[in-house]
There are 2 protein chains.
Amino acid sequence: MKKNKYCYEYPRPSVVVDCVVFGLDDDLLKVLLIRRDRDPFAGRWALPGGFVDMDEPLESAALRELKEETGVGDLFLEQLYTFGDPHRDPRGRVISVAYYALVKLSDHKPVAADDARDAEWVDVKQATKLAFDHDTVLKTALDRLRAKVRYQPIGFELLPAKFTLTQLQSLYETILGQPIDKRNFRRKILAMSLLTELPETQQQVAHRAARLYRFDRQRYRQLVKAGFNFEV
Amino acid sequence: MKKNKYCYEYPRPSVVVDCVVFGLDDDLLKVLLIRRDRDPFAGRWALPGGFVDMDEPLESAALRELKEETGVGDLFLEQLYTFGDPHRDPRGRVISVAYYALVKLSDHKPVAADDARDAEWVDVKQATKLAFDHDTVLKTALDRLRAKVRYQPIGFELLPAKFTLTQLQSLYETILGQPIDKRNFRRKILAMSLLTELPETQQQVAHRAARLYRFDRQRYRQLVKAGFNFEV
DNA sequence: CGATCATAGTGTAGAAAATACACTAAGTCG
DNA sequence: CGACTTAGTGTATTTTCTACACTATGATCG
């Protein structure tokens with residue numbers, strides 16, 4: 001006896017949040033997908049997401065869904081776009097507020113076979129034929145990530161806390177899909193003075209060990225306030 | 001006998017679209033506001049907007065609202081952000097998908113005192129203490145406009161079809177809030193080859209008449225496809 | 001009808017930023 | 001200890017950005 005308790009004078013759409021979660025697995029950019037076990041689109045991959053509670057801000061809803069799927073708390077999260085085509089969900093009018101997130105896949109390693117949900121990290125190039133309009137959502141997120149990474153240092157969110165300059169460069173090359181000159185890249189990145197050189201080097205590599213750096217978030221905030229910009 | 005016909009198993013928020021409509025009035029950047037005649041926020045200025053119909057795409061809802069308020073059809077319209085704080089409307093949960101638009105105020109001159117609605121073009125600098133969270137929405141739109149105008153030639157949407165380079169420069173100065181060097185500006189703008197020089201000049205000015213130009217939208221589309229970028 | 005006024009329109013030189021490019025250094029492994 | 005692998009470094013050239021001031025043209029007014 002819990003059906004149809006909530007009645008309104010005019011019809012209302014459902015509102016969901018969907019999350020495009022990016023992670024970097026070696027040199028592959030991956031996205032977190034969920035295998036749907038019921039119709040519509042049973043058996044197809046979909047973006048994690050769910051309904052927004054009535055007393056819950058949109059961003060909190062996105063965070064909640066993410067924690068349920070990935071267990072990850074500390075991450076970069078930003079609103080992407082709102083998709084509202086009347087027929088994007090065959091069950092009825094569902095408006096989706098999409099977010100995209102960047103997680104340090106390397107730190108929180110609980111990758112596949114989570115929480116009883118069939119969640120998996122999939123190479124973005126393989127992630128096609130998704131449920132609903134999620135192909136479009138993913139493409140929008142990728143475009144945004146590519147555009148944003150050029151003028152804001154968000155790439156660090158995908159790397160472990162300590163990383164080498166080569167890792168960082170390779171990340172940019174992966175996201176932007178084009179090779180970058182090593183010397184020019186290093187000069188430019190270091191000129192931003194957002195990186196702190198650590199007294200440590202890489203361990204257990206079969207060649208000269210590279211210096212480790214960390215991203216100096218505090219300094220970044222200062223520079224943003226001072227009106228700096230950060231093109232790569 | 002039309003109350004509460006629409007019943008659901010779980011509660012649902014209302015969804016509205018709100019529009020931030022910018023127009024250029026001489027050297028002032030203005031925004032279209034509506035004086036609210038009922039509570040909440042009776043007597044305060046608000047952004048034009050309204051409920052999304054169940055079978056209507058979000059952008060169509062925004063366009064519909066805009067036509068109702070301004071009579072303007074031909075305009076630049078883009079989704080801005082979705083505002084979903086649970087308490088942004090004291091009457092209940094209302095999620096607002098905000099759009100921003102640029103209109104050629106100079107062409108469609110039916111400015112104030114429209115359609116029985118108390119709509120008015122207000123200098124953006126004067127537009128404060130708006131209803132709901134519309135101060136935030138307006139600020140977000142302004143930030144977006146300022147950022148976007150630097151790398152996409154959307155400024156033209158605010159000017160009449162035929163305009164002088166001085167008008168264009170003054171528009172950029174108004175939006176960006178800083179003076180620009182005349183010679184450098186002209187060189188850069190003309191180098192993009194997005195402007196077609198017209199065989200006409202300005203009329204009825206008490207000094208040397210300036211050459212008129214028009215924006216070549218077709219050429220713009222070609223260049224976008226070719227991966228050009230357009231920083232100013 | 002000539003002087004005055006207001007804005008249109010134009011070029012260059014110096015500084016800064018972007019690009020292209022190849023070798024030596026250091027650590028591991030067999 | 002030689003071979004292998006990646007780390008780390010500098011310079012010259014080209015391109016882009018910036019700063020800057022005078023002449024041209026048309027309208028108006030006395």
Side-chain angles (χ1 to χ4, degrees), chain A residues 24 26-27 106 149-151 153 159-160 162-174 176-214 223 226-232, chain B residues 24 26-27 106 149-151 153 159-160 162-174 176-214 223 226-232:
Chain A
L24 196 73
D26 275 308
D27 281 359
S106 41
V149 90
R150 285 174 185 277
Y151 63 89
L159 290 179
K162 302 172 181 182
F163 52 86
T164 69
L165 293 181
T166 301
Q167 281 178 294
L168 184 61
Q169 176 176 347
S170 148
L171 177 157
Y172 274 92
E173 290 175 331
T174 300
L176 298 177
Q178 59 183 355
I180 303 177
D181 179 88
K182 181 157 75 158
R183 280 173 289 194
N184 295 339
F185 178 79
R186 285 169 181 237
R187 193 168 342 141
K188 212 162 175 180
I189 288 288
L190 291 175
M192 294 176 185
S193 51
L194 289 176
L195 299 189
T196 304
E197 190 175 324
L198 297 174
E200 315 157 53
T201 56
Q202 242 176 346
Q203 298 298 319
Q204 294 167 326
V205 284
H207 52 79
R208 174 175 178 180
R211 174 71 45 190
L212 290 172
Y213 292 80
R214 67 175 177 78
L223 290 175
F228 236 75
N229 72 335
F230 296 96
E231 293 198 26
V232 180
Chain B
L24 197 73
D26 274 308
D27 281 358
S106 41
V149 88
R150 285 174 186 279
Y151 64 90
L159 290 178
K162 302 171 181 182
F163 51 85
T164 69
L165 292 182
T166 300
Q167 282 179 294
L168 184 61
Q169 176 176 347
S170 147
L171 177 159
Y172 273 92
E173 290 176 331
T174 300
L176 298 177
Q178 59 182 356
I180 303 177
D181 179 88
K182 182 155 76 158
R183 280 173 290 191
N184 294 341
F185 178 79
R186 284 168 182 238
R187 194 169 341 145
K188 213 161 174 179
I189 287 287
L190 292 176
M192 293 176 184
S193 53
L194 289 176
L195 298 189
T196 304
E197 189 177 322
L198 297 174
E200 315 156 54
T201 56
Q202 241 177 346
Q203 299 297 320
Q204 293 167 325
V205 283
H207 53 78
R208 176 175 177 181
R211 174 72 44 188
L212 289 172
Y213 291 80
R214 67 176 178 77
L223 290 175
F228 237 75
N229 72 334
F230 296 97
E231 293 197 25
V232 179

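Per chain, numbering begins at 1; letters A, B, ... match sequence-line order. Every heavy atom of this structure was used, including side-chain atoms; hydrogens, water molecules and symmetry mates were not.
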request  = Could you tell me whether the phosphate oxygens of D/dG8, OP1 or OP2, come under 4.0 Å of any side-chain nitrogen or oxygen in A/R183?
outcome  = no

inquiry  = Would the distance check show the side chain of A/E197 and the main-chain N or O of A/R211 forming a donor-acceptor pair, the cut-off being under 3.5 Å?
reply    = no

Interatomic spacing from CG in A/L176 to CZ in A/R150 - rounded to 0.5 Å = 5.0 Å

note = Which of A/E200, A/Q167, A/Q202 passes side-chain hydrogen bond (donor to acceptor under 3.5 Å, both in side chains) with A/K162? It is A/E200

query = B/L159 and B/L24: which non-hydrogen atoms are nearest, and at how many Å?
reply = CD2-CD2, 4.0 Å

Polar atom pairs between nucleotides 17-19 of chain C and protein, under 3.5 Å, N or O only, would you list them?
unit_1: C/dT19; atom_1: O4; unit_2: A/R187; atom_2: NH1; d: 3.2

query = With a 4.0 Å cut-off on heavy atoms, is A/R211 in touch with a base, just the backbone sugar-phosphate, or nothing at all?
reply = sugar-phosphate

remark   = When rounded to whole Å, the CZ to P distance for the pair B/F185 and C/dG9 reads 13 Å

query = So, for A/V149 and A/Y172, which heavy atoms are closest and what is the spacing to 0.1 Å?
reply = O-CE2, 3.6 Å

ask   = Separation of A/Q169 atom CD from D/dT6 atom P, in whole Å?
value = 14 Å

request  = Could you check how far CG of A/D181 sits from P of D/dT13, rounded to whole Å?
outcome  = 17 Å

query = What integer distance in Å separates B/Q167:CD from C/dT7:C1'?
reply = 13 Å

task = Could you check how far NE2 of A/H207 sits from C1' of D/dT5, rounded to whole Å?
result = 6 Å

query = Quick one: are A/M192 and A/L223 in side-chain contact, heavy atoms under 4.5 Å?
reply = no

ask   = Can you check the B/E197 CD to C/dG9 C1' distance for me, whole Å?
value = 11 Å

request  = Round to the nearest Å and state the distance from B/N229 atom CG to D/dT16 atom C1'.
outcome  = 13 Å

message = Within the 4.0 Å heavy-atom criterion, would you say A/T166 contacts the bases, only the backbone, or no part of the nucleic acid?
response = sugar-phosphate

Can you check nucleotides 28-30 of chain D for protein contacts, nitrogen or oxygen pairs under 3.5 Å, and list what you find?
none

key: Side-chain H-bond candidate by donor/acceptor type, B/R186 with B/T166, under 3.5 Å   = yes

key: Non-hydrogen side-chain atoms of B/L212 and B/T164 separated by less than 4.5 Å   = yes

query = Considering only D/dT9, D/dT5, C/dA8, which nucleotide approaches the side chain of B/K182 most closely?
reply = C/dA8

query = Got a donor-acceptor pair under 3.5 Å from the side chain of B/R208 to the base of C/dA6?
reply = no

key: Heavy-atom closest pair, residues B/R187 and B/N184   = NH2-OD1, 3.0 Å

key: Check: A/F230 and A/L194 side chains under 4.5 Å, non-hydrogen atoms   = yes

task = Find the distance A/L190:CG to D/dG10:P and express it as a whole number of Å.
result = 12 Å

ask   = Got B/E173 and B/D27 here, is their nearest side-chain heavy-atom distance under 4.5 Å?
value = no

All N/O contacts under 3.5 Å from nucleotides 1-3 of chain C to the protein, with atom names and distances to one decimal?
none

request  = For residues B/L190 and B/L165, report the shortest heavy-atom separation together with the two atoms involved.
outcome  = CD1-CD1, 4.4 Å

